[in-house]
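Structure, as structure tokens:
What you see below is based on every heavy atom in this structure, not just the backbone, and it leaves out hydrogens, waters and symmetry mates.
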Amino acid sequence: MKALTPRLRSIPSRHALSQQAHHVPHLPVAAIGAASCTSNSRSRPFSVLNRPPPNYPGHVPLTRIERAALAVGSGVASLLDPYRHDMIAALGETTASPYFVQRLRRAMLASATGRRILRARPRLSSATLDLPYLRTLGPRTVGGTYAAWLDREGVSPDTRDAVRYVDDAECAYVMQRYREAHDFYHALTGLPVVREGEVALKAFEFANTLLPMTGLALLALTTMKSAERQRFWTIYGPWAVRNGLRSEEVINVYWEEEMETDVEELRARLGIERPPDLREIRKREREERRRVKEAAAKQAVAS
């Protein structure tokens with residue numbers, strides 16, 4: 001824990017830099033739209049019976065009571081069933097808005113690449129990503145690594161829900177970009193979609209983005225097996241904190257432009273080290289348990 005202390009103390013100063021950068025004059029057009037991620041629909045009394053119109057397609061304005069209730073309900077549902085992606089999405093939006101997603105937006109405004117992303121607002125899906133082409137790229141490229149990870153895990157880039165509960169349109173896009181880029185974080189780190197891998201990646205994301213949902217996801221540790229919890233505290237938890245704090249803001253990666261980049265080069269540029277292969281560790285443990293069980297069965301028969 002002593003080794004982690006300096007890094008933990010560095011959080012305020014690190015994110016203060018992105019806040020200061022936000023006030024630099026002559027921001028690009030995409031950055032001028034709104035000074036902060038606050039709703040522009042509060043000019044009249046807001047209640048369940050007097051709900052303002054949506055700020056973008058699919059937007060659902062919520063009162064504070066509705067937002068709090070949805071945050072609590074979706075949090076409980078997500079803990080009970082970590083595969084309820086709709087509940088995880090709702091939890092992420094209701095806890096991120098307005099303060100934490102605004103910090104993430106400021107981090108994008110502080111980066112030239114982030115500002116380009118905000119201006120263009122690209123989307124990451126099978127409609128925009130040429131997956132057949134990515135599969136032809138070398139295994140050491142970002143695109144090849146991403147496509148191989150999708151195939152290995154049986155995952156599609158089209159499973160991300162649309163943002164609905166973030167009031168500001170630009171902040172809604174920031175949240176959508178984070179959500180759609182999540183599988184690239186998986187591919188970059190090699191972490192699988194099993195619960196243990198998701199918790200490790202969420203810990204990394206929390207240290208890097210400060211989104212509350214990613215921190216709340218660590219409650220899933222209580223539902224994991226003893227060996228998995230031990231592995232998190234000794235291997236993947238320290239890795240997540242160390243890499244999440246020291247790496248660049250991953251929200252500012254323009255993935256569409258990095259497909260042919262060497263994946264090790266991108267990891268080095270971002271300051272991310274790949275953790276031990278979790279699937280390989282779990283495979284070895286299963287084989288060892290099977291070997292012990294077979295040896296015990298043979299011994300029982302012999303006796």
Side-chain angles (χ1 to χ4, degrees), residues 7-23 31 33-42 55-56 59-75 78-79 85-111 114-115 117-118 121 160-182 185 198-199 201-220 240-241 243-253:
R7 293 187 175 90
L8 292 175
R9 289 176 178 171
S10 69
I11 292 178
S13 60
R14 172 188 177 182
H15 297 302
L17 292 176
S18 65
Q19 294 177 358
Q20 294 170 3
H22 172 55
H23 297 291
S36 63
C37 293
T38 55
S39 173
N40 58 9
S41 59
R42 298 295 187 265
N55 295 330
Y56 54 88
H59 173 226
V60 179
L62 297 175
T63 66
R64 291 182 179 179
I65 294 177
E66 289 174 328
R67 186 176 299 277
L70 182 57
V72 173
S74 60
S78 301
L79 185 61
H85 299 295
D86 56 337
M87 291 293 96
I88 294 174
L91 177 64
E93 295 171 38
T94 53
T95 56
S97 181
Y99 308 109
F100 297 96
V101 70
Q102 183 179 357
R103 189 216 69 79
L104 209 56
R105 172 179 173 271
R106 287 197 298 267
M108 298 185 73
L109 292 176
S111 162
R115 292 194 294 271
I117 295 172
L118 284 177
R121 296 193 182 185
R160 303 300 170 187
D161 292 1
V163 172
R164 304 172 62 196
Y165 305 117
V166 176
D167 290 333
D168 181 84
E170 186 165 80
C171 285
Y173 172 75
V174 172
M175 195 70 189
Q176 190 72 42
R177 181 69 177 182
Y178 154 75
R179 184 175 294 168
E180 293 178 353
H182 176 77
Y185 308 156
E198 289 289 359
V199 170
L201 188 60
K202 283 292 188 289
F204 167 83
E205 291 178 343
F206 180 60
N208 191 265
T209 68
L210 296 185
L211 290 175
M213 177 272 294
T214 59
L216 292 171
L218 299 183
L219 292 174
V241 174
N243 283 268
L245 290 178
R246 78 180 182 185
S247 67
E248 298 295 327
E249 299 270 8
V250 291
I251 192 67
N252 288 327
V253 178

(message) As an exercise, state the distance from OG1 of T209 to CD1 of I251, rounded to the nearest 0.5 Å.
(response) 8.0 Å

(message) Suppose we screen for side chain to side chain donor-acceptor pair (under 3.5 Å). Which residues come up paired with R160, at least two apart in sequence or across chains?
(response) D183

(message) What's the separation between atom OH in Y165 and atom CD in E66, rounded to the nearest 0.5 Å?
(response) 10.0 Å

(request) Would you check if the side chain of R115 reaches a backbone N or O of L109 as a donor-acceptor pair within less than 3.5 Å? (result) yes

(request) Name all residues meeting the side chain to side chain donor-acceptor pair (under 3.5 Å) criterion together with N252; count only those two or more places apart in sequence or in a different chain, and write none if there are none. (result) none

(request) Nearest 0.5 Å please: distance from the CZ atom of R103 over to the CG atom of L210. (result) 5.0 Å

(message) Please find the pair of heavy atoms, one from I117 and one from Y173, that lie closest to each other, and give the distance.
(response) CG2-OH, 3.6 Å

(request) Report yes or no: does N55 contribute a side-chain atom to a donor-acceptor pair with the main-chain N or O of D168 at less than 3.5 Å? (result) no

(request) Output all residues satisfying side chain to side chain contact (heavy atoms under 4.5 Å, CB included) with L201, sequence neighbours left out; order by chain, then residue number. (result) H182, Y185, H186, T189, L191, F204, E205

(request) Apply side chain to side chain donor-acceptor pair (under 3.5 Å) to N208 and S247, showing your working. (result) CA-CA 7 Å; N208 191 265; S247 67; 3.0 Å; yes

(message) So does A71 get a backbone contact from the side chain of S74, meaning a donor-acceptor N/O pair under 3.5 Å?
(response) yes

(request) For A162 and E93, work out which heavy atoms get closest and say how close. (result) O-OE2, 3.9 Å

(request) Only counting residues at least two apart or in another chain, list the ones meeting side chain to side chain donor-acceptor pair (under 3.5 Å) with E180. (result) R123, Q176

(message) For M213 and K202: C-alpha separation, side-chain torsions, deciding distance, then whether side-chain contact (heavy atoms from CB on, under 4.5 Å) applies.
(response) CA-CA 8 Å; M213 177 272 294; K202 283 292 188 289; 3.6 Å; yes

(request) Find the distance between OG1 (T95) and CZ (R67) and round it off to the nearest 0.5 Å. (result) 9.5 Å

(request) Locate the shortest heavy-atom distance separating A172 from V163; write the atom from each residue and the value. (result) O-CG2, 3.7 Å

(message) Let me confirm one number: the CZ-CG distance from R177 to L104, rounded to the nearest 0.5 Å.
(response) 11.5 Å

(message) List the residues meeting side chain to side chain contact (heavy atoms under 4.5 Å, CB included) with A96, not counting sequence neighbours, and say none if there are none.
(response) V101, M175, L211

(request) Indicate yes or no: does E249 engage R106 in a salt bridge with an N to O separation below 4.0 Å. (result) no

(request) Could you pull out all residues at least two apart from D161 that satisfy side chain to side chain donor-acceptor pair (under 3.5 Å)? (result) none

(message) Strictly distance-based, threshold 3.5 Å: is any side-chain N or O of R179 a donor or acceptor partner for the main-chain N or O of A89?
(response) yes

(message) Go through it in stages, so that I can follow the logic: the residues are R246 and N243, the test is side-chain contact (heavy atoms from CB on, under 4.5 Å), and I'd like the CA-CA distance, side-chain angles, deciding distance and then a yes or no.
(response) CA-CA 5 Å; R246 78 180 182 185; N243 283 268; 3.3 Å; yes

(request) Hey, could you give me the CZ/CG distance between R164 and L70, rounded to the nearest 0.5 Å? (result) 9.0 Å

